[in-house]
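Source: prediction; values computed, not measured. Note on naming: letters A, B, ... go to the chains in the order of the sequence lines (proteins, then strands), and numbering restarts at 1 for each one. Quick note: numbers below take in every heavy atom, side chains included, and nothing from hydrogens, waters or symmetry partners.
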2 protein chains.
Amino acid sequence: MTTGDIVNRLRICAADGSKAEKRLAEIILADISYASKAPIADLALRAGVSEPTVTRFCRALGCEGVRDFKFQLAQVLAIGGLYLFPEPLVRDERDARVLDAVSDGATAAMQRVRDVIDMSVVNAVAEMAVNAKHICAYGSGGVSSMGAVEMQNRLFRLGLPIVGHTDGQMQRMSAAVCDKHSLIFAISASGQANSVIESVGIARQYGARTVAITSPDSDLAKEADVALPFIIAPDTQLFKPTSGRYALLFIIDLIAMTTAELIGPSVLEGLRRIRISLSGLNMSDPGRPVGD
Amino acid sequence: MTTGDIVNRLRICAADGSKAEKRLAEIILADISYASKAPIADLALRAGVSEPTVTRFCRALGCEGVRDFKFQLAQVLAIGGLYLFPEPLVRDERDARVLDAVSDGATAAMQRVRDVIDMSVVNAVAEMAVNAKHICAYGSGGVSSMGAVEMQNRLFRLGLPIVGHTDGQMQRMSAAVCDKHSLIFAISASGQANSVIESVGIARQYGARTVAITSPDSDLAKEADVALPFIIAPDTQLFKPTSGRYALLFIIDLIAMTTAELIGPSVLEGLRRIRISLSGLNMSDPGRPVGD
DNA sequence: TCAAAAATGAAAGAAACTTACGTTCATTTG
DNA sequence: CAAATGAACGTAAGTTTCTTTCATTTTTGA
């Protein structure tokens, strides 16, 4: 019983375990946040079992003891969020198919990025971002323009001087005022978007560093200094929105997180200020992600 | 002393605290992973202080006690950045951490949606979308405005008359011209965004159907006819972009795909035309997702 | 059906944390 | 300058929480 994360193991236990184990697993899954903090006496009482059973249960799940078990629950909560982990609902076939299509597509798209992305390039890009005096993100079309906006959204929080442009003319115009301290993020799923390619050419002419997030070996990839390959698989399912967006978001998050860590704790000050500035909008719930 | 996350507070303490506090904070920061599991007797010994001092120290940092303190350390570690580690992480290890943090977060967020989403609501929403004469998507702020734009992007391809508004005034204005054939998608991660809540109120007054994609039981959820719960976990890791965006994208895709299937094969005609119209932009690669 | 094995609980024990209280040391006040 | 004050800290004695031991019950398999 050491398969997957602790929640998965709990699920398996809730299904296959002995009577006492089932009850315990159910109680815990029903409220992980509670279970991660409650003393085992409470848990034992709720599940109607004895305390030693709880200890044994934790060991059976591959933990060193109750404390280690709680430690792992805390970590799961940190990643998965502080909400409950209810049993997945039973679906009818059609609903399940839609859910699977979207979810499998998204997961696969991100997995592909994981497999192929060159983190040394990401690190290099983060370094460029930190050192740039002026950053632009270009993207046109449904997927790529979202990318440009997101890139702006993620980096501006870190205090970086970034502007996203989804309009072709604005892209060209802003490229024309670049210099060697500028950094361009050029995003295009196809690698064929004319305005983006041209803008990269213009910006380079004036000495800007250019990073393309695009299809490998595309025109755009060739035009830029650095390319992060981003493959959008042709959609087999015509009704399903393309899962490439998840891959793009993933790459953007990698860049944002790497950049944030490069900058170090001082970015927290910027995030704090943003949060304070939102308090005037009645959205100051602390602990909530910054900016709705 | 309740500013920022626990690590930040430890840092402050290491700088400003009393003699014993400084020593403790240093010991802990030097190896958070150890500190999160060691009994306080060990910590006390290492820092050359007494056990009660450790307890008091934890309280001073805003924790309920030592156990709560360790709980928080565990959470920080789960997604911790490189700056948490005593020795700078080797590049590979650090890269793996960043990849894991982003990818696990995204996967968990989507899994959550899978587990709890009520597909009968999604189906009902799709039906509303198909029958509406006029659809608006509202969202403000980094996460939710992306949602509004994406909603527009996904549904307009299906030939539906949708407009996304991320500007508060435009939201109110467009809400004011709704009638009973209108459908509103109101997106807000917090459920507190004033312009969105008010616009829903206005639109309902004129007979529009309203769908909220928002935090359950929030003000916005109460204001709308139908609510799709969308929980964003509080950010425990300030450096990591919130993974809630993946959950939101996921919900939007579910709605888009369900709607597309409801409309049936005729949507393909719309997609075909969009593709043709792009050919003038040199982006007509067939088999590629429509619209970059 | 019976014996062996597994599962469970009660109670005692060990570990970890907290409280109560007293000492020290720096600071303030008369 | 000395006494008073109070913050910081440690000692020792709780208290809580978890674990072990061992006896009992339940299940399994021949």
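Listed by chain and number, the residues in a side chain to side chain contact (heavy atoms under 4.5 Å, CB included) with R67(A) are R67(B) (sequence neighbours excluded). In terms of the side chain to side chain contact (heavy atoms under 4.5 Å, CB included) criterion, residue partners of I27(B) (sequence neighbours excluded) are, by chain and number, L43(B), R46(B), A47(B). Applying the side chain to side chain contact (heavy atoms under 4.5 Å, CB included) criterion to I135(A), with sequence neighbours excluded, gives A129(A), A132(A), L160(A), I162(A), L183(A), F185(A).
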Where along nucleotides 7-19 of chain C does protein come under 4.0 Å, by heavy atom, of base (B) or sugar-phosphate alone (S), with - for untouched nucleotides?
-BBBB----SBBB

Under 3.5 Å donor-acceptor pairs involving side-chain atoms of residues 50-65 of chain B, not counting sequence neighbours:
residue, atom, partner, partner atom, Å
S50(B), OG, T53(B), OG1, 3.0
R59(B), NE, E64(B), O, 2.9

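The separation between L43(A) atom CG and dT19(D) atom P is 12 Å, rounded to whole Å. Taking atom NZ of K37(B) as the reference point, atom P of dC18(D) lies 15 Å away to the nearest angstrom. Atom pair L45(A):CG and dT16(D):P shows a separation of 16 Å (rounding to whole Å applied). We find that CZ of F57(A) is positioned 16 Å from C1' of dC18(D), with the value rounded to whole Å.
Applying the salt bridge (Lys or Arg N to Asp or Glu O under 4.0 Å) test to every pair with at least one member in residues 20-30 of chain B, sequence neighbours left out, gives no pairs at all.
A cation-pi arrangement is found for K37(B) relative to F71(A), the charged atom lying closer than 6.0 Å to the ring centre and inside a 45° cone about the ring normal.
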